[in-house]
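These notes concern the structure reproduced below.
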Amino acid sequence: MTLIEIQEILREVVRTTAKNEFGVELKQVAAETPPKTELGDIAFPVAFELAKLIKQATGEKKNPREIAEVLRSKLSAAQMVGRVEVAGAGYLNVFFDRPTFLSANAAAEPLPNEFRSSQPDAIKVCVEHTSVNPNKSAHIGHVRNSVLGDTFQRILKATGKRVEIQNYIDNTGVQVADVVVGFIYLENKDLAAIKDLDAQLKAVGKTFDYYCWDLYTKVGVEYQMSEELKLKRAEVLHLIEEGGNPTAELADFVATRNVECILDTMARLSIQYDLLPRESEILHLHFWDRAFEQMKSLGVIHYETEGKQAGCWVMPFEEHAGNDENETDKILVRSNGTVTYTGKDIAYQMWKLGILGLDFNYRPFHKYKDGHEVWITTSDSNASVHPAFGGGETIYNVIDSRQSYPQDIVRKGVAAISPERGEKASIHLSYEMVALSPAAAEELGFAMSDEDRKRPFIEMSGRKGLGVKADDLIDRLEANALAEVESRHADSSEEVKNGIAHQLAVGALRYFLLKFTRNTVIVFDFKEALSFEGETGCFCQYSAVRANSIFRKLDEKGETVDQCRERIAENAATLELFATDAGSDIWSMAILASRLEEAIEQAAKQNEPAILAKYTFTLAKAFNLFYHNHKILIEPDEVKRAVLVVVADMARRSLTSALATMGIEVPEKM
RNA sequence: GCUCCCGUAGCUCAGUUGGAUAGAGCAACAGCCUUCUAAGCUGUGGGUCGCACGUUCAAGUCGUGCCGGGGGUACCA
């Protein structure tokens with residue numbers, strides 16, 4: 001029985017008692033974790049609320065402690081409950097029957113390294129993340145998006161959902177056009193020359209996306225000096241959108257190569273996708289036209305004949321509720337007939353929810369090392385067999401908070417077309433940006449003015465080439481980790497050492513980006529991001545590695561966890577053990593390890609992966625202390641050793657599983 | 001102007017949706033490797049939770065008003 005199941009049983013007891021004894025209906029029964037283990041395993045501050053409700057219903061004034069006493073006797077009889085205390089002004093503190101909980105609960109579910117498998121008929125949801133413009137390499141800000149999205153996706157799977165992961169490719173936007181302008185007009189390259197360049201870059205171990213990063217910056221500078229070049233941009237953009245011409249073909253190569261590079265970068269961090277929906281298909285398969293027709297016939301949008309927005313199709317949007325002066329119309333179709341991003345996104349989101357009435361064509365794009373295949377949309381003929389994509393019950397869009405205004409419009413637009421699904425079907429998983437400290441920007445070689453230096457942070461900018469590139473940071477992390485591994489395990493093979501260094505680098509970066517809550521601006525600091533000490537992924541991994549090495553030795557001795565569990569069940573002496581101070585800290589380790597499911601559910605409910613990160617760190621820290629205080633292998637008391645083994649096993653299972661849910665592996669050794 | 005977010009220890013951040021004595025990491029200082037891995041552990045110092053009212057058994061958390069910082073408010077995305 002899991003902790004959550006016990007909690008649910010106890011809630012029900014509280015509910016029925018409130019009804020039968022006091023005639024009060026409780027809608028929700030709040031359960032909380034007491035601040036200290038000595039205060040119990042689950043607490044119900046419900047007596048305060050009941051006192052108020054009873055007074056409202058009957059006029060009778062009851063003391064919360066009096067009410068708590070009634071609940072106490074009922075709760076004491078419940079399954080798995082050892083005893084219940086009334087504390088403070090009326091807290092109900094429930095203490096579990098520890099030996100029973102340990103011997104029954106620790107059943108070795110295959111949690112570590114795999115998620116709870118979702119059934120084929122489970123609810124399907126879509127998570128869109130990454131969505132980097134395919135015209136340059138990814139920087140650390142993009143990685144925050146991807147790590148958040150990927151971790152959230154893992155969390156959803158852990159709660160039993162079926163998840164489809166999409167990475168939207170804006171292959172026909174101005175950003176791609178800018179790099180294409182650079183290739184054609186600054187470097188006089190045609191498609192053949194670019195392919196040649198790509199091959200040359202590969203030969204010297206450089207990547208196409210890095211080259212584009214620099215070129216993109218260069219184009220930005222040139223625009224400032226040449227109006228003529230700016231005109232070229234419009235021309236190129238038009239050709240790309242139209243398709244079926246050499247410029248579009250060139251752009252397609254550039255965008256696709258960048259997508260490949262970005263996928264490689266993300267794969268280094270254990271981030272994979274199921275589908276890459278492309279903007280070119282939204283256009284060429286007339287997704288927008290379909291959405292446009294629906295919006296017109298429903299009267300959601302109208303054609304503006306006068307004023308600033310004359311000639312545009314607009315959607316009314318109340319920017320600020322209750323202030324009709326500020327009502328504005330959002331343009332979906334420009335006066336030149338082209339569709340804005342917001343318009344295209346409405347069509348895309350409708351497809352994601354399965355309410356557009358059109359589908360993409362698909363072809364396989366890339367096969368990951370583990371065999372997983374990522375598909376891409378195409379305007380060409382469909383692959384004969386392809387998975388069913390789209391049609392999610394809920395869609396999660398991982399997009400930074402600077403875009404919450406357009407996201408709001410998209411959501412309202414979709415809801416206007418499909419009121420039965422409504423706004424709740426589409427969730428904007430927003431997060432604050434990753435910025436640079438002025439010092440970090442200078443470290444990257446950017447000249448800072450005095451004014452810049454006074455700023456709390458400097459926004460990264462792909463256009464200016466200002467940012468920490470993801471691959472550079474991962475490289476640095478791997479190099480640092482390798483040096484540490486080298487100093488500890490010099491005799492291991494290069495392959496093993498590199499593998500461990502890689503796992504540590506991934507752990508460090510993913511944890512670093514997950515420990516902040518979504519609405520905290522991360523001011524990037526090299527020292528902090530490169531650290532392997534303190535609150536880091538490495539710390540959590542180290543804790544799990546130490547735990548595993550205990551079980552390796554235990555295995556050599558031929559002692560199993562199941563034997564230990566039986567020994568606990570057979571020995572009432574364990575009760576006495578837990579009454580001592582030494583026992584109390586063992587128990588708090590056990591109960592903390594049991595809270596993983598709760599942490600994952602909370603993270604899913606609040607759309608906040610940081611909750612899981614904090615739990616994982618707390619668990620790792622607790623285990624390090626436990627490890628320090630108890631020498632498990634040499635513990636002479638058989639029963640105590642059994643308890644220590646079972647508790648350590650619970651801890652390593654939760655720890656491994658928590659890390660896996662964050663996309664972090666536990667190394668063999670470190 | 002309007003709107004959203006942030007303000008908690010020297011620094012960077014948590015704070016279980018209103019609960020028990022406000023917690024971590026970093027930095028500083030003092031200790032701990034003959035013991036399952038010291039990427040670890042222990043201890044010390046460090047707080048007017050931006051300010052002021054209010055709501056109630058209870059406020060870092062909710063409301064109102066200020067102060068300070070940032071984002072958004074495009075026929076960009």
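Chain A is the first sequence line, chain B the second, and so forth, proteins listed ahead of strands; every chain is numbered from 1.
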When both distances are under 3.5 Å in a Watson-Crick or G-U wobble arrangement, the nucleotide paired with C62(B) is G54(B)

Note: for Glu484(A) and Phe457(A) on RNA chain B, the residue whose nearest nucleotide lies more 5' is Glu484(A)

Taking the cut-offs as 6.0 angstrom to the six-membered ring centre and 45 degrees off its axis, would you call Arg652(A) and Phe551(A) a cation-pi pair? yes

| message | For the residue pair Ser401(A) / Ser404(A), report whether a side-chain donor-acceptor contact shorter than 3.5 Å exists. | response | no

From the candidates G70(B), A39(B), C75(B), the one with an atom nearest any side-chain atom of Glu533(A) is A39(B)

Among the nucleotides C5(B), G69(B), U21(B), whichever has the atom closest to the side chain of Pro456(A) is G69(B)

- Message: When the P atoms of G50(B) and U8(B) are compared, how many Å lie between them, rounded to an integer?
- Response: 6 Å

Per atom distances to the Phe48(A) side chain, the nearest of G19(B), G25(B), G71(B) is G19(B)

Tell me if the centroids of the rings in Tyr91(A) and Phe44(A) come within less than 6.0 Å of each other. no

Phosphate oxygens OP1/OP2 of A14(B): is one of them under 4.0 Å from a side-chain N or O of Thr520(A)? yes

*Ignoring backbone atoms, test whether Tyr405(A) places a side-chain nitrogen or oxygen under 4.0 Å from the OP1 or OP2 oxygen of G72(B).*
no

Query raised in the report: Arg546(A) side chain N/O closer than 4.0 Å to the phosphate oxygens (OP1, OP2) of G40(B)?
Result: no

Contacts of Phe539(A) meeting ring-ring contact (aromatic ring centres under 6.0 Å, His included) (sequence neighbours excluded), chain-then-number -> Phe617(A)

Answer for the Watson-Crick or wobble partner of A28(B), both distances under 3.5 Å, is U44(B)

Any Lys621(A) side-chain nitrogen or oxygen under 4.0 Å from OP1 or OP2 of G25(B)
yes

Walking RNA chain B from its 5' end, the first of Ser401(A) and Glu32(A) to be reached, judged by nearest nucleotide, is Glu32(A)

task = Kindly say whether, by distance alone, the side chain of Asn624(A) makes a donor-acceptor pair under 3.5 Å with the base of A38(B)?
result = no

*Would Tyr91(A) count as stacked on G19(B) if the rule is ring centres under 5.5 Å and plane angle under 30°?*
no

